[in-house]
Amino acid sequence: MKIGRTHYAQDINETLIGQEVQVAGWVHRRRDHGGLIFVDLRDRTGLVQIVCQPDDSGFATLDRVRAEYVIQVAGRVRARPEGMANPELASGAVEIVPHEVLLLSSAKTPPFSVAEAEEVDELLRLKYRYLDLRRPSLMRNLWLRDKSLMVVREFFHEHGFLDIETPALARSTPEGARDFLVPSRLQPGHFYALPQSPQIFKQLLMVAGVDRYYQVAKAFRDEDLRADRQPEFTQIDVEMSFMDQDAILSLMEAMLHRLFAEVMDISLDPFPRMTWHQAMKAYGSDKPDLRAGPPLVNLTDVARTVDWPVLRDAEHVVGVVLPQYQPTRKELDGWAEAARQGGASGLVWIVREAGGMRSSASKWLGDQALATLANAAHVEPGDALLVVAGNGWLPYEVAGQLRLLFARHAGRVQTGWRFLWVTEFPLFEWSEEEGRLVSAHHPFTMPHPDDIEKIESDPASVRSQAYDVVLNGTELASGSLRIYQPDLQARIFQVLGLSAEEIQNKFGFLLDAFQYGAPPHGGIAFGLDRLLMLMAGADSIRDVIAFPKTARGTDPLMNAPSPVDESQLQAVHLTVKW
RNA sequence: GGAGGCGUGGUGUAGACGGCCUAACACGCAUGCCUGUCACGCAUGAGAUCGCGGGUUCGAAUCCCGUCGCCUCCGCCA
């Protein structure tokens, strides 16, 4: 028998009954009945059952094989006996009777079972990632990734976007995350940086007249990891010229609609749009989870009427309604603790029972005042209300956290795919660490046209033409219209506190480029890994990345990072100290 | 940088008030039996100095200190 296959496991079905087929793959399970051996052969598509009797050729080989041996089987497809079909398998109505079995590779007993779905220590999984990937759940995610990228690429191709590669060896950018650095051998003492995003390149491509660009691009950020953060990750990076914000949002939304329709067979509703300000007021978050129950209620006005300074004198008073929920004292104490952790001075709760009301503030608020608050929040008998008071955005953020905590705790998070656009992010935000204004998105973000005159006089209030795609409380994409006028860009740099010299040194090439005819342009970057994580129902982006890194940034399979030879260090003019 | 959780045969867990642990259970593995299983079944068996180091104690998987690793969260992530 030559090496090769005629069919994948999942394609062996009733239509092939009586035909000769050749399949190849791994021994998933072997069930030895003495005179009768069943082998589940696994390939990347699934399983197919091989059945073999002592006088069949190949019996001796199948008697010897063990889990994860690699075999190739030529045989005839036949229907399984009456009542013996396995509805769990695509190939479950049939089986293969071999007339030749080739043992291609034996295998050591694997360190964990490929066939069992049990949860295995992730370090071990990563060390033996090639075995982990054999498990159907991860293999499915690789397929999902491939299929999704095909749909995305088709979409962009059809809409006239050019797929253009940008360098992985770039220069360090002053704003943003910590860079991964690569020492230069030819330029002693100089370093490349791995790009945190192709941002500047794609804007230069717009100046070049590419008009529509996209790239499935690796991005690198040397920051601490999380379940949804890896030091290298993949963006679907997009940039367009001569389109206003509305046109960009509509086109990108169409892409996601197409993706979900073709890959998930899900027809998405049009995405609601919400300004950052609205999102913060209604959900205390710039990435609201619309599945997690009703929005926050604003009790600031009604709080003015009560005779208790904690509420009356607070800048903002925000409530979370717990519909038809009577929390225990322990739950309430837990939420109060969470509120304090979040920076609030405390939590006021009101529980409306059939008869009357209990409250943490009953010492200070009479029944009348409690009723006023409860009524303002439309709290019905059987409901409860959590109230956070404070200044600035803090009470909103804390209440937003409590909203999520409650929804998760009480199992009130609805299922579904709740996308939305969040628009009009602030252009600047205050950095405590640096003691200055920094760009909320990045310094090339176009200010809102109505706010341009306030850039110098009241920068904190300036809105931007930046937007995010949010899905179920996760930020999936971030983008903006870009500044294309050199003078406006210079004003922004000035507000950011960059000296003329720094500007010239760090961004001079971009400003230069803008002087040679820059089109109005804007774009967006989708976090592919996060998107796939949600589509796959995974808890971590590691489950949709073939070879991810641990929370400490190591790769246990290759043992990276690693020390290097002294000669390698010398070549790049480095001495290591520790 | 900070907080928390976890670490016990190959895998997943139990044991945690110190002695009942000569460390249990399931799966896996090995050997034998078994002709319709599909998480096959039955029988027998091998396999662990309880992450590592130190301490307390007559005695430590169990208590204390340190350390390493993994995971989660906060900070950080334009």
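Keep in mind it's a predicted model, so treat the numbers as computed, not measured. By convention in this document, chain letters (A, B, ...) are assigned in the order of the sequence lines, proteins followed by strands, and residues within each chain are numbered from 1.
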Per-pair stack call A/Phe38 and B/U37, 5.5 Å, 30°: yes

Sugar-phosphate, base or nothing in reach of A/Arg482, heavy atoms under 4.0 Å: nothing

Residues A/Gln341 and A/Glu337: side-chain donor-acceptor under 3.5 angstrom: yes

Options B/U11, B/C38, B/C71, nucleotide nearest the side-chain atoms of A/Glu118: B/U11

Sugar-phosphate, base or nothing in reach of A/Ala115, heavy atoms under 4.0 Å: nothing

Sugar-phosphate only, base, or nothing, as touched by A/Thr550 at under 4.0 Å among non-hydrogen atoms: sugar-phosphate

Pair partner, B/A3 [Watson-Crick or wobble, under 3.5 Å]: B/U72

Pair A/Gln215, A/Thr166: side-chain N/O donor-acceptor within cut-off below 3.5 Å: yes

Complementary nucleotide of B/U56, counting Watson-Crick and G-U pairs under 3.5 Å: none

Ring centers of A/Phe507, A/Phe493 separated by less than 6.0 Å: yes

Residue A/Leu123, side-chain atoms from C-beta onward, closest of B/U11, B/C77, B/G69: B/G69

Any strand: nucleotide that pairs with B/G12 via Watson-Crick or wobble, under 3.5 Å: B/C25

Those residues of residues 44-62 of chain A lying under 4.0 Å from RNA chain B by at least one heavy atom: A/Gln49, A/Gln53

A/Ala227, nearest nucleotide to its side chain (from B/C77, B/G12, B/C73): B/C73

Anything under 3.5 Å between a protein N or O and an N or O of nucleotides 13-16 of chain B, put it in a table, one pair a line.
none

A/Arg29 side chain near B/C40 phosphate (N/O to OP1/OP2, under 4.0 Å): yes

Heavy-atom closest pair, residues A/Arg64 and A/Leu103: NH2-CD2, 3.2 Å

Touch class at under 4.0 angstrom, heavy-atom based, for A/Asp222 against every strand present: nothing

is_close_aromatic(A/Trp276, A/Trp393), centroid dist under 6.0 Å: yes

Sugar-phosphate only, base, or nothing, as touched by A/Ser197 at under 4.0 Å among non-hydrogen atoms: base

Distance-only side-chain donor-acceptor flag, A/Arg482 / A/His442, under 3.5 Å: yes

Sugar-phosphate, base or nothing in reach of A/Thr554, heavy atoms under 4.0 Å: sugar-phosphate

Base B/G12 paired with A/Asp121 side chain (donor-acceptor, <3.5 Å): no

Residue matched to B/C38 through Watson-Crick or wobble contacts both under 3.5 angstrom: none

Heavy-atom donor-acceptor pair, A/Arg226 side-chain to B/G75 base, under 3.5 Å: yes

For B/A43, the Watson-Crick or wobble partner whose two distances fall under 3.5 Å: B/U31

Exercise: do A/Gln49 and A/Arg31 side chains pair donor with acceptor under 3.5 Å: yes

Minimum-distance nucleotide to A/Ala67 side chain [options: B/U37, B/G12, B/C29]: B/C29

Any A/Arg31 side-chain nitrogen or oxygen under 4.0 Å from OP1 or OP2 of B/C40: yes

Atom P, compared across B/C6 and B/G12: separation rounded to whole Å: 16 Å

Aromatic ring of A/His33 stacked on base six-ring of B/U37, 5.5 Å, 30°: no

C1' atoms of B/U49 and B/G28, separation to the nearest Å: 23 Å

Between A/Thr15 and A/Asn13: side-chain donor-acceptor atoms closer than 3.5 Å: yes

Plane angle bin for A/Tyr130 and A/Tyr128 - parallel if under 30°, tilted between 30 and 60°, otherwise perpendicular: perpendicular

Touch class at under 4.0 angstrom, heavy-atom based, for A/Glu95 against every strand present: base

Nearest-angstrom distance, P atom, B/G53 to B/C71: 24 Å

Interatomic distance at P, B/C50 relative to B/U62, whole Å: 9 Å

Closest to the A/Arg552 side chain, choosing from B/G36, B/C70, B/C29: B/C70

Donor-acceptor pair present, A/Arg229 side chain and B/C76 base, under 3.5 Å: yes

Test item: side-chain donor near acceptor, A/Asp289 and A/Tyr283, under 3.5 Å: no

Sugar-phosphate, base or nothing in reach of A/Ile37, heavy atoms under 4.0 Å: nothing

Sugar-phosphate, base or nothing in reach of A/Pro81, heavy atoms under 4.0 Å: base

Sugar-phosphate only, base, or nothing, as touched by A/Arg542 at under 4.0 Å among non-hydrogen atoms: sugar-phosphate

Modelled atom types, side-chain donor and acceptor of A/Ser461 and A/Lys454, under 3.5 Å: yes

Any donor-acceptor N/O pair under 3.5 Å between B/G75 base and A/Arg178 side chain: no

B/C65 versus B/U57 - spacing of their C1' atoms, nearest Å: 16 Å

Which nucleotide in B/G69, B/C71, B/U37 has an atom nearest any side-chain atom of A/Ala551: B/C71

No-H, no-angle donor-acceptor pair, A/Arg80 side chain to B/U37 base, under 3.5 Å: yes

Selected nucleotide, minimal atom distance to A/Asp224 side chain, candidates B/G1, B/C40, B/G12: B/G1

A/Gln199-A/Gln203 side chain donor-acceptor pair, cut-off 3.5 Å: yes

Heavy-atom closest pair, residues A/Cys52 and A/Gly58: SG-C, 4.1 Å

